[in-house]
Amino acid sequence: MTRIRPPRHIVWTTDTVDLSDPFQRRWYIRQILLHGRAEDIRTLDLDEVEALLDHLDLPPHLHSLWKRFLERRHAQG
């Protein structure tokens with residue numbers, strides 16, 4: 001079990017998140033993409049974000065931004 005104490009600017013509804021639980025992990029990644037700062041986003045595994053992107057239920061403008069960013073990331077190789 002991998003429990004973390006998330007920063008309050010990302011998660012304000014609970015004191016801990018269990019990153020070994022797939023549902024909580026997806027939810028936490030979504031929270032980071034929605035509310036995280038640059039230093040929070042840098043902690044993400046971009047391959048994991050790419051794999052989960054279509055399942056995170058992000059607002060359309062954020063989904064589009066991340067999709068373009070990840071596509072360009074691959075194009076730059």
Side-chain angles (χ1 to χ4, degrees):
M1 183 165 36
T2 308
R3 289 195 175 273
I4 63 162
R5 296 182 69 86
R8 283 286 168 222
H9 63 274
I10 296 174
V11 177
W12 50 92
T13 57
T14 185
D15 290 333
T16 62
V17 176
D18 181 358
L19 296 179
S20 64
D21 175 344
F23 175 82
Q24 289 186 48
R25 186 173 192 85
R26 277 191 312 274
W27 176 81
Y28 184 64
I29 290 170
R30 181 179 189 276
Q31 290 300 104
I32 291 175
L33 295 178
L34 288 171
H35 306 291
R37 300 173 182 160
E39 61 265 21
D40 304 313
I41 291 171
R42 277 194 289 273
T43 67
L44 294 175
D45 176 340
L46 294 180
D47 292 329
E48 183 177 22
V49 171
E50 185 172 20
L52 295 174
L53 187 62
D54 292 336
H55 307 283
L56 296 176
D57 193 32
L58 292 171
H61 67 284
L62 278 179
H63 182 273
S64 175
L65 179 138
W66 277 99
K67 190 151 192 82
R68 285 191 319 266
F69 170 77
L70 293 166
E71 287 169 354
R72 289 183 183 155
R73 174 179 166 248
H74 285 296
Q76 292 175 352

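Throughout, numbering of the chain's residues begins at 1 and tracks the sequence.
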Note, [X] side chain near [Y] side chain (heavy atom, < 4.5 Å):
X     : Y     : result
Leu19 : Arg3  : no
Ile32 : Pro6  : no
Thr14 : Val17 : yes
Thr43 : Ile41 : no

Margin query: Strictly distance-based, threshold 3.5 Å: is any side-chain N or O of Gln24 a donor or acceptor partner for the main-chain N or O of Asp18?
Written below: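 Yes: the side chain of Gln24 pairs with the backbone of Asp18.
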Notebook entry, point to check: Arg26 side chain to Leu56 main-chain N or O, any donor-acceptor pair under 3.5 Å?
Noted result: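 No, the answer is negative, given that no donor and acceptor are paired below the 3.5 Å cut-off.
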From [X] atom [atom1] to [Y] atom [atom2], the distance as rounded to the nearest 0.5 Å:
X     : Y     : atom1 : atom2 : answer
Leu53 : Lys67 : CG    : NZ    : 6.0 Å
Leu58 : Arg30 : CG    : CZ    : 6.0 Å
Ile10 : Ile29 : CD1   : CD1   : 11.5 Å
Leu33 : Leu44 : CG    : CG    : 6.0 Å

Notebook entry, point to check: In terms of side-chain heavy atoms, does His35 have a donor or acceptor partner in Asp40 at a distance below 3.5 Å?
Noted result: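 No.
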Notebook entry, point to check: Looking only at side chains, do His63 and Asp54 share a donor and an acceptor under 3.5 Å apart?
Noted result: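 Side-chain D/A pair, His63 to Asp54: present.
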Next item on the list: Begin with the C-alpha distance, continue with both residues' side-chain angles, and end with the deciding distance and a verdict on salt bridge (Lys or Arg N to Asp or Glu O under 4.0 Å) for Asp15 and Arg8.
Entry: CA-CA 9 Å; Asp15 290 333; Arg8 283 286 168 222; 2.3 Å; yes
Next item on the list: Apply side chain to side chain donor-acceptor pair (under 3.5 Å) to Glu50 and list each qualifying residue two or more places apart in sequence or on a separate chain.
Entry: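 Per chain and number, Glu50 pairs via side chain to side chain donor-acceptor pair (under 3.5 Å) with His74.
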Notebook entry, point to check: Under 6.0 Å from the CZ atom of Arg5, do we count more than 12 heavy atoms belonging to anything else shown?
Noted result: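 No, because the 6.0 Å sphere around CZ of Arg5 holds 12 heavy atoms or fewer from other groups.
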